[in-house]
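Please see the structure below; I have some questions.
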Amino acid sequence: MVEARHCAGCGVGIQIEDPKKPGFVPSGALAKEKIICQRCFRIKHYNEVAQVSMDDNDFIQILNEIGATKALVVKVVDIFDFNGSWLKGLHRFVGANPILLVGNKLDLLPKAINTNRLVNWMKYEAKQLGLKPVDVVLCSAEKGTGIERLVEAMSTYRKRQDVYIVGATNVGKSSLINRLLKEYGEGDTELTTSRFPGTTLDMIEIPIDEKTSMFDTPGIINRDQIVHMVSPEDLKLISPEKAINPKVFQLNDNQTLFLGAMARIDFVRGDKQSFVVYASNRIHIHRTKLEKADELYLTHRGTDILSPPSGEKASMLPPFRRASFKIPPGEKKDIVISGLGWITLGTAGAWVDVYAPEGVSVLIRNSLI
Ligand SMILES: Nc1nc2c(ncn2[C@@H]2O[C@H](COP(=O)(O)OP(=O)(O)OP(=O)(O)O)[C@@H](O)[C@H]2O)c(=O)[nH]1
Ligand SMILES: [Mg+2]
């Protein structure tokens with residue numbers, strides 16, 4: 001029997017019939033020992049959008065296999081988008097296997113961050129979300145920070161068993177494995193990574209030793225994430241690429257902040273206090289009076305004042321939906337706009353209305369920083 005061949009970059013089954021379908025390679029490429037599909041080639045060399053239509057059920061099917069084996073499950077979250085990149089109901093997939101929680105993209109948070117506090121915060125939040133990880137590790141696949149700690153934790157908890165790297169799409173699973181391979185591996189394996197969701201298409205096995213392996217898995221796609229609502233160019237602007245500079249605004253009530261044309265925050269009532277915005281440095285933040293906000297949005301969205309998105313694309317976003325929050329005095333809270341960032345309020349107590357495109361989740365949490 002001839003074993004079905006898979007792309008070394010994304011794991012998809014190789015085919016030579018249909019260039020429009022995943023896994024296509026020209027038939028001449030079949031002779032190579034390591035095959036890279038046309039889509040991976042284009043992502044890597046032309047930064048192309050990783051578009052492919054795969055059913056969520058396909059991904060879930062893949063994850064279901066994990067529950068049937070004994071292994072360490074490494075759950076990766078994007079620490080910049082902790083809530084948006086949280087994979088719900090993971091326990092359903094992993095059975096009784098231990099879970100190591102990894103907060104990736106640490107390099108995106110402000111440099112002054114207290115990492116011990118952040119780890120404790122993650123433990124607490126994980127518990128609230130119904131997950132009890134064996135440990136929590138922070139790292140940056142991009143910079144290599146925390147990788148040693150991650151390797152130590154993995155070897156402690158895997159107990160000579162396989163390791164599955166799981167998580168929502170785009171959290172950096174494949175990037176993390178590439179980093180591990182670069183620092184600890186041999187050979188020239190490189191998994192495909194990209195800024196767009198849905199890059200890895202099937203499970204990819206990377207041998208650790210003769211008996212055990214590490215597996216990259218396709219990320220679960222969370223339809224609510226902002227990445228599905230904006231153009232590739234705007235995605236580049238709203239996703240931070242380096243450490244975010246928090247921007248501090250001292251607001252009186254009846255003032256409004258716009259985060260480009262992506263979101264609007266109204267300080268409806270409360271004593272003067274700080275609103276610290278954590279978002280991509282390339283999102284323009286505009287302050288105005290609440291009474292002028294409606295008009296400004298209608299007349300200026302898509303212009304330099306309220307962008308990204310710019311031009312026509314601003315009006316193609318789903319319409320704004322409002323969420324109201326009443327924060328009692330004395331509590332330090334973040335208002336999170338999933339995928340876009342968050343705003344940390346002062347402790348004076350506040351009533352805040354947040355507008356974000358319909359479908360984007362807006363929530364409140366204990367302050368992360
Ligand atoms: N700043 C920063 N970006 C990162 C880091 N790790 C990954 N990225 C970026 O995040 C994006 C997604 O990375 P991938 O490794 O493709 O993510 P994935 O989880 O494998 O995604 P899927 O295969 O779609 O599930 C890419 O643009 C990476 O460059 C990190 O530590 N810091
Ligand atoms: Mg991947």
Side-chain angles (χ1 to χ4, degrees), residues 6-12 22 36-37 39-40 42-44 47-54 56 58-60 62-63 73-82 84-87 90 102-111 113 115 118 137-147 149-150 164-183 189-206 214-223 225-228 232 235-244 278-282 339 341:
H6 292 266
C7 169
C10 70
V12 75
I36 299 287
C37 74
R39 172 176 167 275
C40 281
R42 290 192 175 151
I43 293 173
K44 188 162 177 196
N47 254 321
E48 248 179 42
V49 183
Q51 238 162 23
V52 78
S53 52
M54 254 198 138
D56 290 9
D58 297 341
F59 294 109
I60 288 166
I62 292 167
L63 287 185
V73 176
V74 176
K75 172 179 175 144
V76 185
V77 294
D78 173 348
I79 191 68
F80 174 72
D81 186 16
F82 181 85
S85 69
W86 187 263
L87 195 62
L90 183 68
V102 174
N104 186 36
K105 310 200 187 182
L106 184 60
D107 58 294
L108 295 181
L109 297 190
K111 300 245 156 49
I113 191 149
T115 48
L118 183 54
V137 178
L138 290 171
C139 68
S140 163
E142 181 99 354
K143 304 273 186 229
T145 330
I147 296 300
R149 264 284 285 124
L150 175 62
Y164 288 86
I165 315 286
V166 306
T169 181
N170 238 20
V171 295
K173 298 178 295 299
S174 304
S175 302
L176 258 181
I177 297 174
N178 281 342
R179 171 61 70 175
L180 292 171
L181 287 170
K182 193 169 155 202
E183 297 194 5
T189 305
E190 195 185 355
L191 304 175
T192 305
T193 65
S194 84
R195 180 154 30 88
F196 306 102
T199 305
T200 305
L201 295 180
D202 206 340
M203 203 115 93
I204 303 176
E205 178 169 2
I206 296 118
M214 178 161 67
F215 294 88
D216 190 10
T217 64
I220 301 282
I221 294 181
N222 203 341
R223 306 270 165 214
Q225 279 173 295
I226 259 175
V227 302
H228 305 294
L235 180 60
K236 208 173 153 119
L237 297 176
I238 67 169
S239 325
E241 272 173 1
K242 52 182 184 186
I244 40 183
Y278 296 86
S280 162
N281 302 334
R282 287 169 297 189

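Counting starts at 1 for both ligands and their atoms, following the listed order.
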Distance from atom 21 (O) of ligand 1 to nearest protein heavy atom, with residue and atom
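Closest protein heavy atom to atom 21 (O) of ligand 1: Asn170 N, 3.0 Å.
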Within less than 2.8 Å of the Mg ion (ligand 2), any N, O or S from Thr169?
no
Leu106 versus ligand 1: do any nitrogen or oxygen atoms come within less than 3.5 Å of each other?
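Checking ligand 1 against Leu106, no N or O pair falls under 3.5 Å apart.
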What protein heavy atom lies closest to atom 18 (P) of ligand 1? Include the residue and the distance to one decimal.
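Answer for atom 18 (P) of ligand 1: Lys173 N, 3.5 Å.
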What pairs with Asp78 under salt bridge (Lys or Arg N to Asp or Glu O under 4.0 Å), at least two apart in sequence or on another chain?
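Asp78 satisfies salt bridge (Lys or Arg N to Asp or Glu O under 4.0 Å) with Lys105 once adjacent residues are dropped.
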Enumerated ligand 1 atoms positioned under 4.0 Å from heavy atoms of Ser194
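Counting from 1, the qualifying ligand atoms are 11 (C), 12 (C), 13 (O), 16 (O), 26 (C), 27 (O).
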Below 2.8 Å, can you find an N, O or S atom of Thr200 next to the Mg ion (ligand 2)?
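It does: Thr200 brings an N, O or S atom closer than 2.8 Å to the Mg ion (ligand 2).
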List every atom of ligand 1 that sits less than 4.0 Å from any heavy atom of Leu108, numbering the atoms from 1 in the order shown and giving each element.
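In order of numbering, the contacting atoms are 1 (N).
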I'd like to check whether Thr193 has a polar contact with ligand 1, where a contact means an N/O of the residue lying under 3.5 Å from an N/O of the ligand.
no
Counting only nitrogen or oxygen atoms and a 3.5 angstrom limit, does Gly198 reach ligand 1?
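In this structure, Gly198 places an N or O atom under 3.5 Å from an N or O of ligand 1.
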Distance to 0.1 Å, residue and atom name: give those for the protein heavy atom nearest to atom 32 (N) of ligand 1.
Asp107 OD1, 2.7 Å
Before signing off on this row, confirm whether Ser175 and ligand 1 have an N or O atom pair separated by under 3.5 Å.
yes
Considering only heavy atoms of Gly219, which atoms of ligand 1 have at least one such atom less than 4.0 Å away?
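The atoms of ligand 1 under 4.0 Å from a heavy atom of Gly219 are 25 (O).
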